[in-house]
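Heads up: the structure comes next, in structure tokens.
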Number of protein chains: 2
Amino acid sequence: MANIRDVAKLSGHSVSTVSRALNHSGYVSAATRQEILVAVKQLDYHRNDIALALSTGKTHQIGVIIPFVNRPYFQKLTAAITAEAFEQGYQVTLLPTNYQPERERQYLAMLKHHLLDGLIFLSRSLPFSELVDFRDYGPIVCCEDTFDYPLASVFTNRGESFVHAFQLLKQCGFRHIGVTVSRDEHHSQSAKLTLQAYKMVYGPQLDPVLIYRHTCRMTDGIAAGAQRELQQQGHGALVIGQENIPVSFLMDYSTIDHRLTEMGTTAFKLLFQPEIMKQAISSELILRGRLKKIVAQQQAKSRS
Amino acid sequence: MANIRDVAKLSGHSVSTVSRALNHSGYVSAATRQEILVAVKQLDYHRNDIALALSTGKTHQIGVIIPFVNRPYFQKLTAAITAEAFEQGYQVTLLPTNYQPERERQYLAMLKHHLLDGLIFLSRSLPFSELVDFRDYGPIVCCEDTFDYPLASVFTNRGESFVHAFQLLKQCGFRHIGVTVSRDEHHSQSAKLTLQAYKMVYGPQLDPVLIYRHTCRMTDGIAAGAQRELQQQGHGALVIGQENIPVSFLMDYSTIDHRLTEMGTTAFKLLFQPEIMKQAISSELILRGRLKKIVAQQQAKSRS
DNA sequence: ACTTGACATGCAACGCGTTCCATCTCTAAA
DNA sequence: TTTAGAGATGGAACGCGTTGCATGTCAAGT
């Protein structure tokens with residue numbers, strides 16, 4: 001593998017001139033540049049990006065901390081981040097944690113070591129206070145509300161969306177509501193928000209029997225599974241899912257689209273806009289199936 | 001950020017002794033090691049992994065070349081590779097291509113530049129002949145049959161699985177078969193194998209009308225979509241999908257499991273086992289719904 | 001008493017691109 | 001004619017961990 005010194009030798013110019021010629025920085029005469037390019041071609045020289053990273057202190061790599069790589073929520077976010085990063089000349093490294101704090105610490109250390117130019121947390125088990133300590137080593141963005149902590153944050157206000165969904169259900173006359181959660185409300189932000197929203201709309205008492213636990217192992221369509229069960233049992237209940245995943249269209253149930261693509265894109269952008277600290281993304285309730293009809297009827301009624 | 005020389009100075013030992021102490025290589029007395037560890041703690045020293053990579057020529061990063069990050073086939077494979085890589089102390093960088101040859105070339109160059117220790121192709125648009133040129137720069141593994149090319153390969157023998165599936169359908173008395181393909185059979189290995197298998201079982205003439213084209217943009221469950229349509233139309237046809245994705249269970253149709261997790265794991269392992277060139281993974285036909293019943297009846301009949 | 005080798009430690013080169021600083025030329029302005 | 005400054009180029013340090021080689025000590029073996 002030829003290096004820049006080989007090119008310098010062959011072309012008869014100095015290393016610094018070669019570097020300038022290849023980076024279009026500083027002064028290099030047209031003739032010299034030409035000779036250098038010839039040598040580059042002849043030796044099939046390509047810059048060693050590791051050396052560059054050591055020299056400049058920038059790796060053009062960002063890390064995405066992700067609990068599980070096989071959950072659609074995270075996949076959608078990752079896809080969006082990757083696309084945006086690519087656009088900007090950055091590479092994305094996936095950093096799976098299984099929610100193990102030790103792994104998260106390990107990845108944070110990578111930032112410290114200049115292995116990464118930035119870090120995006122899709123979710124985390126470490127407390128915000130611990131993340132804050134690493135801000136000095138590089139930009140960190142969290143894909144959730146970081147409240148008063150001085151940590152860049154992009155998030156959909158899921159709480160509001162949930163309230164909205166429950167209100168709609170109430171208006172449509174639904175009285176018995178079940179909710180599914182992954183971890184309990186003290187560990188899962190999602191669970192907390194869901195239950196809070198329920199209580200805000202339906203009042204503080206929710207029958208514990210109607211809280212269903214699904215496992216983190218489940219890789220797709222919790223709502224889809226519920227929908228299937230209910231259909232098979234001929235039960236009259238309907239389902240509202242999340243993330244507008246394809247199966248929700250196929251199985252024709254309503255869903256809350258949290259605009260994850262926009263969220264991912266924004267997360268990447270925030271890495272390099274330290275002046276913006278918090279960015280909210282608004283989500284959308286997509287009506288389908290029976291719920292859609294019911295809502296349409298309601299609207300028709302209220303109009304007449 | 002403290003570096004190894006700072007630690008050497010503070011501890012009163014040489015840089016090489018510090019390096020040896022931290023890497024548990026060579027001889028270092030217990031007392032010296034202790035003093036060095038104290039200095040390390042005091043300075044909050046952590047090794048700069050970029051410098052390490054430059055020095056050793058190993059980055060512990062492998063690249064996964066992937067056309068689209070949002071397709072379940074690739075996601076499953078990626079998840080498996082990532083898990084195995086993590087296990088072995090490697091990091092995975094996702095390299096999305098959209099099937100643009102230029103991007104693939106760019107990623108291959110990363111291998112040349114020692115930015116990556118290895119490269120896994122989940123799919124590609126470049127010809128094998130071009131990939132072969134890069135073998136000297138680092139290990140490359142393709143997740144498809146590379147035939148006579150000297151390129152490491154892990155693949156499920158999809159052709160055989162397809163033949164098996166068609167044979168089963170034929171035995172069960174199905175006469176009118178439709179197939180779906182993404183790109184035409186000259187560009188898509190998958191399409192080619194599917195059509196070949198059909199012809200092998202049902203004879204050379206397949207009604208062109210029954211070849212359905214689906215788009216690459218479709219992110220999930222082509223078979224699921226078909227199943228849905230057929231059900232809605234009350235059509236008697238049944239569907240066989242691929243990859244055993246969760247929706248196939250939910251919607252209760254049969255599927256061919258190509259064992260992608262095993263495939264991904266194997267792909268990673270092959271990077272560092274240059275002696276193994278080709279590795280086949282056998283797939284499995286999972287019967288569900290009506291097809292399962294029909295096959296069961298057939299078996300009962302043949303037994304009696 | 002002498003050799004051998006395990007044990008311990010340090011020096012300096014290496015990997016490689018970038019960039020500050022010094023030097024030199026030549027032209028246009030004063 | 002002198003001079004400032006643009007234009008061009010090279011030298012060398014820098015970023016930082018690793019490792020081959022040289023040097024030195026000390027105890028066990030002969």
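In this text the structure is predicted, and so the values were computed from the model without any measurement. All chains are named by letter (A, B, ...) in the order of the sequence lines, taking the proteins before the strands, and each is independently numbered beginning at 1. FYI, side chains are in, hydrogens and waters are out, and symmetry mates aren't considered; it's all heavy atoms of this structure.
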Could you tell me how far apart [X] ([atom1]) and [N] ([atom2]) are, to the nearest whole angstrom?
X         : N       : atom1 : atom2 : value
Asn48(B)  : dC14(D) : CG    : C1'   : 13 Å
Leu115(A) : dC16(D) : CG    : P     : 13 Å
Leu22(B)  : dC16(D) : CG    : P     : 15 Å
Ile36(A)  : dT18(C) : CD1   : P     : 12 Å
Glu35(B)  : dG10(C) : CD    : P     : 10 Å
Ile50(A)  : dG17(D) : CD1   : P     : 15 Å
Leu54(B)  : dC14(C) : CG    : P     : 14 Å
His60(A)  : dT18(C) : NE2   : P     : 11 Å

- Query: What nucleic acid atoms does Val15(B) come within less than 4.0 Å of, heavy atoms only: base, sugar-phosphate, or nothing?
  - Reply: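 Base, at least one base atom sits under 4.0 Å.
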
- Message: Applying a 4.0 Å non-hydrogen cut-off, can you work out what Thr32(B) is touching in the nucleic acid: base, sugar-phosphate, or nothing?
- Response: sugar-phosphate

- Centroid-to-centroid, Phe128(B) to Phe147(B), below 6.0 Å?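 Ring centres of Phe147(B) and Phe128(B) not closer than 6.0 Å.
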
- Item | Ring center gap for Phe272(B) and Tyr90(B) short of 6.0 angstrom |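 Yes, ring centres under 6.0 Å apart.
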
For the side chain of [X] and the base of [N], is some donor closer than 3.5 Å to an acceptor across the two?
X        : N       : value
Arg20(A) : dG17(C) : no
Ser55(A) : dC14(D) : no
Ser16(A) : dG11(D) : yes

For [N], does OP1 or OP2 lie under 4.0 Å from any side-chain N or O of [X]?
X        : N       : result
Asn23(A) : dG17(C) : no
Tyr45(A) : dC16(C) : no
Tyr27(A) : dA8(D)  : no
Ser19(B) : dT18(D) : yes
Asn3(B)  : dG15(D) : no
Arg5(B)  : dG15(D) : no

- Task: Anything under 30° is parallel, anything over 60° is perpendicular, the rest tilted; go ahead and classify Phe86(B) against Tyr107(A).
- Result: perpendicular

- Query: When you match Thr17(B) and Thr56(A) each to their closest nucleotide on DNA chain C, which lands nearer the 5' end?
  - Reply: Thr17(B)

- In Å and rounded to the nearest 0.5 Å, what is the CD to CD1 distance from Gln75(B) to Ile66(B)?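 Rounded to the nearest 0.5 Å, the CD-CD1 separation comes out at 7.5 Å.
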
- With rounding to the nearest 0.5 Å, note down the distance linking NE2 in His113(A) to OH in Tyr137(A). 10.0 Å

- Task: Take atom NZ of Lys112(B) as the centre, draw a 6.0 Å sphere, and report whether it contains more than 12 heavy atoms from other residues, nucleotides or ligands.
- Result: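 Atom NZ in Lys112(B) is packed in, count exceeds 12.
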
- Item | Selected nucleotide, minimal atom distance to Leu52(A) side chain, candidates dT18(C), dA8(D), dG10(D) |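 Taking heavy atoms from C-beta onward, the closest nucleotide is dT18(C).
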
